[in-house]
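Data first, discussion second: the structure below is written as structure tokens.
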Amino acid sequence: MKPNFITATRSALLAGALLAPATLLAPVALAQDAKPEVKPLPETPEQRDARMNWFREARFGMFIHWGLYAVPAGEYNGKTNYGEWFLEETKMPVSQYEKYADQFNPTKFSAEEWVKLAKDAGMKYIVITSKHHDGFAIYPSKLTDWDIERTPFKRDPLKELADACKKEGIKLCFYHSIMDWHHPDWGTRRAWNDVAQGTPNMDRYVDFMKGQLKELLTNYGPIGIVWFDGEWESPWTHARGVDLYNYVRTLQPQTIVNNRVGKGRSGMQGMDKGQGVGDYGTPEQEIPPTGFGLGVDWESCMTMNNHWGYNKNDQNWKSSQMLIRNLIDCASKGGNYLLNVGPTAEGLIPGPSIERLKDIGAWMKANRDAIYDTTASPFKKLSWGRVTKKSDGKNTTLFLHVWNWPQDGKLVVPGLKNTPRFAYQLDGKAKLNAVQDAKGITIDVPQKAPDAISSTIVLVVPGTPIVEDQGLAQNADGTLQLTPADATAHGEVKVEQKAGGKDNFGFWLNANDYVEWTFKAVRPGKYEVTTETAGESTSALDLILGNQKVRAAIPASGDYAKFQKVTLGTIEIAAPGSVTLQLKPTGDWKPINLRTLEFKPAP
Ligand code: H79
């Protein structure tokens, strides 16, 4: 995604050109300017930094998906897997769906409790659905009767949240869906929308949406972010996106707008490709394998179980460890983590979500300095965890988030060339010995990890960190681990993050997709390569290294979630130096999930 100031500068230049004497304009420019394209509001880099500052410092927010879909709670006609897409997936007549409004009476809702829960978890902002794709406004809107006033609940949850957020110093933000399955003017009217009449008219729809945004950006105080979604259907266009972006920024000049206001978003990876608009990228249900460099802002939104909206049968909760490590992972790559809760129709955040938020809060209480206002890691990939950093202009403080505690009590920070000033344990501030050697900096740490989930070691070095890329290399004894995260994946293959270093390649659905690693060989010899795979059918892969090709037969495990150990074959490393290993579908290949490859000297 392109930082907005690039386009801002360009439009400033364009404005200058338009003021120039007509004789100076080339004929081409005249033709293009005949119907000037709407540009995002101009802004200097300094203005943009000032506007984005709180978001970059915050690193952690709460997403709330709350609407009428909480009434059926995921169940309909014997199926139990629905969420906030209930209306679209059941294709229920809209008139029937509207009746859920009679049962939406969240008398147990307490804005104060929700905001405190977010704050105690260490979250700095809340993004709540003012309207999801079903079009239902969770606040009293003067512009429609498809709103909370239709329910027995005669309160305004957004007003109560705005007051509680103001009191607790939390930024309130609104998720507002562009796509609207209920409104008669949304351009792709659903066949089951039996309450809409007439011909859809997008200009009228935009007027309606702008009217609601005006309510939201006028009646609830300063709004941190307007989080658009549902931009991908064809009635929505880039020009409408730019216009809407400018509209929001005109109502509240300091508000941040995500990139889903426009059409640039590239799939679930969420960053803009091609022509985009908006202030930051929005990966969904995934954390990018690396960051995107300076000046590129992003936020990964993720669920705690498998649904955004409340689903009473979904007990597939991620562990607190995974959620905490996801937060660290995002911060280490220069991004934010927006973690979702789906409250019930009674107004309660589910118990398992509360437990996890409390665990995260306990970790954050001790480790907050290592998350807020930090910037991305200067290291590529570390075997033991992640790094965040802060600079005061003179020194750099590196926060070493250690997930895999060193058995020998020596934490090696590989390739770091700065002379260490000092190191300590964040928890308790105990000083630690840090020495520089050929490998980088080695810190003496206690035998036992201070925190089973993630321990923070602080290392202060002068200046900016200078890191010599160590790359992937065989260990001295020849062993080697090639993790999915270290690989280059070609095609649609993705790295699925799992707890305990058990990431796997997933979505490997195409026989043309393949993966490869480049590493430094230090110990020539024959190596047995093993891994763990999961799949419904038997499969086959070629293991390719130089001119060797070893065909690996992969047995079925019966289930994409059930992994079993597989020996891929024996391969020879002929000489020290850079080596590339590829894994390519072959013969009777069928989709599989695959974990880390392990090299062991062959017997
Ligand atoms: O609000 C939650 C979900 O209801 C909503 N976004 C989160 C935050 C969501 N809507 N759709 N999806 C999630 C999945 C939709 C994916 C697709 Fe597409 C839409 C596939 C094709 C069109 C996104 C846009 C991926 C490619 C283009």
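Treat the numbers as computed from the prediction; the structure is a model and nothing was measured. One-based numbering, in listed order, for ligands and for the atoms of each.
In this structure, Trp114 CH2 and Ile354 CD1 are separated by 10.5 Å, a value rounded to the nearest 0.5 Å.
Tyr310 has its ring centre no less than 6.0 Å from the ring centre of Trp66. Between Trp146 and Phe136, the distance separating the two ring centers is shorter than 6.0 angstrom. In summary, the aromatic rings of Trp181 and Trp85 are positioned with their centroids under 6.0 Å apart.
Within a 6.0 Å sphere centred on NZ of Lys91, other residues, nucleotides and ligands contribute more than 12 heavy atoms. Atom CD of Gln315 is surrounded by more than 12 heavy atoms from other residues, nucleotides or ligands within 6.0 Å. Residue-environment remark: NZ (Lys166) stays at or below the threshold of 12 foreign heavy atoms within 6.0 Å.
Considering every non-hydrogen atom in both Asn593 and Phe507, the closest pair reads OD1-N, 4.3 Å.
In summary, Arg265 and Glu231 engage in a salt bridge, as defined by a charged side-chain N under 4.0 Å from a carboxylate O. Between Lys590 and Glu536, none of the side-chain N atoms (NZ, or NE/NH1/NH2) sits under 4.0 Å from a carboxylate O, so this pair counts as no salt bridge.
The nearest heavy-atom contact from the protein to atom 19 (C) of ligand 1 is Trp232 CE2, 3.4 Å. At the top of the distance list for atom 2 (C) of ligand 1, counting protein heavy atoms only, stands His65 NE2, 3.3 Å. Closest protein heavy atom to atom 16 (C) of ligand 1: Met268 SD, 4.2 Å. The protein atom (non-hydrogen) at minimum distance from atom 3 (C) of ligand 1 is Glu84 OE2, 3.3 Å. Looking only at heavy atoms of the protein, atom 26 (C) of ligand 1 is closest to Gly267 CA, 3.6 Å.
The His133 neighbourhood of ligand 1 comprises atoms 10 (N), with distances under 4.0 Å to a heavy atom of that residue. Of all the atoms in ligand 1, the ones that sit under 4.0 Å from a non-hydrogen atom of Tyr175 are 1 (O). Within the listing of ligand 1, atoms 23 (C), 24 (C) sit less than 4.0 angstrom from a heavy atom of Arg265.
Of the polar atoms of Asp229, at least one N or O is found under 3.5 Å from an N or O of ligand 1, judged by distance alone. Annotation: Trp227 places no N or O atom under 3.5 Å from an N or O atom of ligand 1; distance criterion only. Backbone and side-chain nitrogen or oxygen atoms of Glu284 are examined, and one is located within less than 3.5 angstrom of a nitrogen or oxygen of ligand 1. By the 3.5 Å distance cut-off applied to N or O atoms, Trp85 is counted among the residues near ligand 1.
Remark: atom 7 (C) of ligand 1 lies closer than 4.0 Å to at least one protein heavy atom. There is no protein heavy atom closer than 4.0 angstrom to atom 21 (C) of ligand 1.
The closest approach between a heavy atom of Glu231 and any atom of ligand 1 is not below 4.0 Å.
Contact annotation for Thr129 and ligand 1: no heavy atom of the residue comes within less than 4.0 Å of the ligand.
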